[in-house]
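Shown next, in structure tokens, is the structure this report addresses.
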Amino acid sequence: MPTLAAYLIVVAVWATTPLGIKWSGEAMAPLAAAGVRMGIAALLGLMWLRWKRQALPLHRQARISYLAALPGIFGAMGCSYVASSYLPSGLISVIFGLAPLLSGLMMQFLPGSVRLNSWHWGACIMGLFGLMLVFDDSLSVLFAGGDMGDRGIGVLWMLTAVTLFSGSGIAVQRVGAGLKPMQQTVGGLLLSLPFYGLAIALTGQSLTWNGDVRGLSAIVYLAVFGSLLGFYSYFQILARLPAATVALVTLITPVLALTLGSLFNAERLGGMVLAGALLIVVALGLFMLGDHQVRRTLKVIPKGEAA
């Protein structure tokens, strides 16, 4: 698949996934909906590999790569499903937009990574202020000794999700197992299933479907497009582009997700929250500008000096 096509698929999938997660939670318990989604996707992925006559590698490097994908497929997705019980879908996408900033910060502690410049750090500070606005009154209530409320709880779950997602993307790229995108996708999905089963059992959730057809349709949609095609395209561009650059796809998805949530789920956000969302999107744009400045600098510096 061409890189541009894979990139556009990731944008479309990530823009619609928050609304799909929200609707999925209306049909089944959150973790159960996530587990069923991953199970369907894994089954379809195995069928795809068989059709293409591709084996699922199980050598040591491949197993490490599947394990590196686990925090993203199980951790980030599981936390996102739990957060959907507290947050509107558009806000889920906005907070997920912090992924490139977190990726950049994490990579500062890894050898061989490009160091952040002033543009990057300015974006991180702006993103932090935007996140504080998204929290709105939840922080003031918490500091006063009260309950932060549903929004605060949901934001904390999403911060955990985006942290796991960012770390997982960097880890998969660092492992460099040389797997085909679908092999990486299916291996990660299969490894996540026992963890979803354990999480469902520990939380006492049920796999029972309550009859909500829209929610069930969302689970199937997310299994086919969100998990299988989405992760396939994601791992494909991850193999070709830097992890932080890949995460910059979230620059446009929050705007699309907010629009979809408003049109199809009647979601309305307060002025402070919308201001925070706008600030986060601007911060991502500033982060992109920082990447552009780094590339320009590296082109000017002779190779010998850059090393």
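Because the structure is a prediction, the values reported are computed rather than measured.
Within the 3.5 Å criterion, the main-chain N or O of Ala99 finds a donor-acceptor partner in the side chain of Ser166. With Gln54 contributing its side chain and Gln183 its backbone, the two residues share no donor-acceptor pair below 3.5 Å. For Glu267 (side chain) and Leu258 (main-chain N/O), no donor-acceptor pair under 3.5 Å exists by modelled atom type. The backbone N or O of Leu189 sits less than 3.5 Å from a side-chain atom of Ser192, completing a donor-acceptor pair. Side-chain N or O atoms of Ser93 include none that pairs as donor or acceptor with a backbone N or O of Ser89 at under 3.5 Å. For Gln108 (side chain) and Gly104 (main-chain N/O), a donor-acceptor pair under 3.5 Å exists by modelled atom type. Looking only at distances, no side-chain donor or acceptor of Trp48 sits under 3.5 Å from a matching main-chain atom of Trp51. In terms of modelled atom types and a separation under 3.5 Å, the side chain of Arg37 and the main chain of Ile219 share no donor-acceptor contact.
One hydrophobic cluster, built from ILVMFWY side chains closer than 4.5 Å, cannot hold both Leu164 and Met38; they sit in different ones. In terms of hydrophobic clustering, with Ile, Leu, Val, Met, Phe, Trp and Tyr side chains grouped at heavy-atom distances under 4.5 Å, Leu190 and Ile64 are assigned to different clusters. Note: the hydrophobic cluster containing Met182 also contains Phe225 (ILVMFWY, side chain heavy atoms under 4.5 Å, direct or indirect links). In the hydrophobic clustering of ILVMFWY residues, with side-chain heavy atoms under 4.5 Å counting as a link, Leu191 and Ile40 come out together. One hydrophobic cluster, built from ILVMFWY side chains closer than 4.5 Å, cannot hold both Tyr221 and Phe264; they sit in different ones.
Two residues are said to be in side-chain contact when any heavy atoms from C-beta on lie closer than 4.5 Å; Ser65 and Val172 meet this criterion. Put simply, the side chain of Leu56 reaches to within 4.5 Å of the side chain of Tyr66, judged on heavy atoms. In this structure, Phe96 and Ser80 have side chains that are in contact, with non-hydrogen atoms separated by less than 4.5 Å. Residues Thr17 and Thr253 form no side-chain contact, since every pair of their non-hydrogen atoms from C-beta on lies 4.5 Å or further apart. With a 4.5 Å cut-off on side-chain heavy atoms, Cys124 and Leu105 count as touching.
For Arg60, the CZ atom sits in a loose shell: 12 or fewer heavy atoms of surrounding residues, nucleotides or ligands are nearer than 6.0 Å.
Two rings, from Tyr196 and Tyr81, have their centers 6.0 Å or more apart.
Ser227 approaches Thr185 most closely through the heavy-atom pair O-CG2, 4.0 Å. Taking each heavy atom of Leu87 and Val155 in turn, the nearest pair found is CD1-N, 3.7 Å. Between Pro30 and Gln205, the closest heavy-atom pair is N-OE1, 3.7 Å. Of all non-hydrogen atoms in Thr160 and Cys79, the two that sit nearest each other are CG2-SG, 3.8 Å. The two residues Ala68 and Ser168 come nearest to each other via the heavy atoms O-OG, 2.7 Å. Heavy atoms only, all atoms of each residue included: Ala257 and Pro18 are closest at CB-CG, 4.4 Å.
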Report task. Starting from the C-alpha separation in whole Å, work towards a yes-or-no answer on side-chain contact (heavy atoms from CB on, under 4.5 Å) for Val13 and Ser233. Result -> CA-CA 10 Å; Val13 167; Ser233 301; over 6 Å; no
Requested in this report: For side-chain contact (heavy atoms from CB on, under 4.5 Å), just list the numbers for Thr16 and Leu19, CA-CA rounded to whole Å, side-chain angles, deciding distance to a tenth of an Å, and then say yes or no.
Outcome: CA-CA 6 Å; Thr16 54; Leu19 186 57; 5.9 Å; no
Query - Pair Leu198-Phe74, side-chain contact (heavy atoms from CB on, under 4.5 Å): steps then yes or no - result: CA-CA 11 Å; Leu198 180 61; Phe74 168 67; over 6 Å; no
Report task. Would you please test Leu228 and Tyr232 for side-chain contact (heavy atoms from CB on, under 4.5 Å) and show each step? Result -> CA-CA 6 Å; Leu228 196 62; Tyr232 170 78; 5.9 Å; no
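Taking CG of Leu101 as the start and CE of Met126 as the end, the distance is 10.5 Å to the nearest 0.5 Å. In this structure, CG in Leu207 is found 10.5 Å from CG in Leu31, a value given to the nearest 0.5 Å. Put simply, OG on Ser217 and CG on Leu222 are 10.5 Å apart, with the number rounded to the nearest 0.5 Å. The OH atom of Tyr86 lies 5.0 Å from the CD1 atom of Ile153; values are rounded to the nearest 0.5 Å. Between the CG atom of Leu102 and the OG1 atom of Thr163 there is a distance of 5.0 Å, given to the nearest 0.5 Å. Remark: Asp212 CG to Leu216 CG distance equals 8.5 Å, nearest 0.5 Å.
For Asn265 and Trp23, the side-chain atoms include at least one donor-acceptor pair closer than 3.5 Å.
Between Tyr234 and Trp14, the ring planes lie tilted relative to each other; the angle falls in the 30° to 60° range.
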